[in-house]
Amino acid sequence: MGSTEAFPFESPPHQVTFAAPFYIGEREVTLAEWRACVAEGGCAYSPDPAADGALPVSNVDWNDARQYAAWLAKKTGKAYRLPSEAEWEYAARGGSRTTYPWGAAMEKNRANCRGCEGASGSAPAPTGSFAPNGFGLYDMAGNVAEWVEDCWSDSYRGAPSDGSAQTRPQCQERVLRGGSFNNDPRALRSAARFKYDFDVRYPGNGFRVARP
């Protein structure tokens, strides 16, 4: 996990051995799925009702994402949650060790971002508009940046080695992974990571869920 090719906060590269297996969403949570949560009183934020339900839900903060996971867990009886940062990166790499899941450089028609050839870069695309990675997961690079459970840290020094989330009480900044439609290709690297205040909504931010 991690990289030395861009920013200090993506390093040091380190080995993670997962203490337990996990499932992660094949796609980002969609507007249609989010609306089901709103309709049942599990989610408070109401996006544009006219928007295509196949689009990923966006403009949600970390609390919103956790609210959805809690609703889904209660509805299904399964322990849905946000993925840890380590789980997310493992899933995003899709078995690869290269800069992007498909290779060393950005390629045409691979992802939705600003400057990604073959994509608009001006708005989210319906989930699954681009080919999946080696694990069959869609949009791990681009489309919307995805909240994970972890608190932000300026490096991986002291990060858990068992794949669990790095958390501390009342941290203001949480981690986002994957880059979004309005980021440039460098932000879509498998090792790229970002921070945002947990209680601020932004149009480029969404999420996917995980469970044991």
Side-chain angles (χ1 to χ4, degrees), residues 1-29 33 37 42 56 60-102 132-141 144-179 188-196 198 205-212:
M1 181 179 183
S3 170
T4 58
E5 60 184 9
F7 302 105
F9 51 75
E10 297 171 0
S11 67
H14 57 288
Q15 182 169 311
V16 173
T17 302
F18 291 105
F22 64 96
Y23 293 95
I24 192 166
E26 183 180 79
R27 300 175 186 234
E28 296 158 334
V29 171
E33 291 165 336
C37 181
V60 289
D61 66 22
W62 184 82
N63 284 327
D64 294 325
R66 293 253 301 181
Q67 199 172 54
Y68 178 88
W71 166 79
L72 190 59
K74 184 176 180 180
K75 185 176 180 67
T76 63
K78 298 177 180 179
Y80 282 98
R81 55 176 172 76
L82 293 181
S84 71
E85 189 172 8
E87 288 171 338
W88 193 97
E89 185 167 326
Y90 176 79
R93 289 185 177 278
S96 72
R97 295 193 177 193
T98 49
T99 300
Y100 298 94
W102 52 81
N133 70 9
F135 289 161
L137 305 174
Y138 294 90
D139 303 311
M140 297 297 290
V144 292
E146 300 177 15
W147 290 107
V148 295
E149 182 67 21
D150 300 59
C151 295
W152 175 259
S153 56
D154 289 333
S155 78
Y156 285 129
R157 291 181 183 87
S161 61
D162 63 356
S164 60
Q166 187 170 16
T167 60
R168 56 187 177 273
Q170 300 179 330
C171 64
Q172 180 69 23
E173 296 172 326
R174 295 280 176 169
V175 179
L176 287 152
R177 299 297 302 255
L188 276 64
R189 295 174 298 108
S190 295
R193 59 196 298 259
F194 316 88
K195 63 181 178 180
Y196 221 81
F198 78 98
N205 296 344
F207 67 103
R208 75 181 67 217
V209 292
R211 67 173 176 86

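Both backbone and side-chain heavy atoms feed into the values below; hydrogens, waters and symmetry mates do not. The structure displayed is predicted, hence computed values, not measured ones.
Rounding to the nearest 0.5 Å places CD1 of I24 at 6.5 Å from CG of L137. Rounded to the nearest 0.5 Å, atoms CE (M140) and CD (E26) are 11.5 Å apart. To the nearest 0.5 Å, atoms CD (E85) and SG (C151) are separated by 10.5 Å. Interatomic distance, T99 OG1 to L188 CG, rounded to the nearest 0.5 Å: 12.0 Å. Distance CZ/F22 to CH2/W88: 11.5 Å, rounded to 0.5 Å. Atom CG of L72 is separated from atom CD of Q67 by 13.0 Å, given to the nearest 0.5 angstrom.
A salt bridge does not link R27 to E33: none of the charged nitrogens lies less than 4.0 Å from a carboxylate oxygen.
Put simply, the side chain of R81 reaches to within 4.5 Å of the side chain of P212, judged on heavy atoms. Inter-residue side-chain proximity for R193 and E89 is flagged as unmet; no heavy-atom pair is nearer than 4.5 Å. Annotation: side chain of V175 is not in contact with side chain of Q166 (no heavy-atom distance under 4.5 Å). Side-chain contact between L82 and W62 is present, with at least one heavy-atom pair separated by less than 4.5 Å. Using a 4.5 Å heavy-atom threshold, the side chains of T4 and P13 count as touching.
For the side chain to side chain donor-acceptor pair (under 3.5 Å) test, residues two or more places apart in sequence or in another chain that qualify with K75 are E40. With sequence neighbours excluded, the residues that form a side chain to side chain donor-acceptor pair (under 3.5 Å) with S164 are D162.
Sorted by first and then second residue, the salt bridge (Lys or Arg N to Asp or Glu O under 4.0 Å) pairs involving residues 149-159 (not counting sequence neighbours) are R66-E149. Pairs engaging residues 153-176 under the ring pair (Phe, Tyr, Trp, His ring centres under 6.0 Å) rule: H14-Y156 [sequence neighbours left out]. The salt bridge (Lys or Arg N to Asp or Glu O under 4.0 Å) contacts involving residues 6-20 comprise E10-R189, where partners must be two or more places apart or lie in separate chains. Among pairs with a residue in residues 167-176, those fulfilling side chain to side chain donor-acceptor pair (under 3.5 Å) read Q172-D199, at least two apart in sequence or across chains.
The nearest pair of heavy atoms linking R211 to A79 is CB-O, 3.6 Å. Annotation for G42 and W71: closest pair CA-CD1, 3.8 Å, computed over non-hydrogen atoms. Closest non-hydrogen pair, A92 versus P101, comes out as O-CG, 3.3 Å. When all heavy atoms of A69 and V209 are compared, the pair lying nearest together is CB-CG1, 4.4 Å. For S3 against S11, the heavy-atom pair with the smallest separation is O-CB, 3.4 Å. Across A86 and V16, no two heavy atoms sit closer than the pair CB-CG1, 4.2 Å.
The closest donor-acceptor contact from the side chain of W147 to the backbone of V60 lies under 3.5 Å. Remark: the backbone N or O of G25 is paired with a side-chain donor or acceptor of R208 at under 3.5 angstrom. In this structure, R177 contributes its side chain and S190 its backbone to a donor-acceptor pair below 3.5 Å.
Between W152 and F9, a ring centre-to-centre spacing shorter than 6.0 Å is recorded.
The aromatic rings of W102 and Y100 sit parallel to each other, their planes meeting at less than 30°, with 60° as the upper class boundary. Ring geometry, Y90 versus F135: the interplanar angle falls from 30° to 60°, so the pair is classed tilted.
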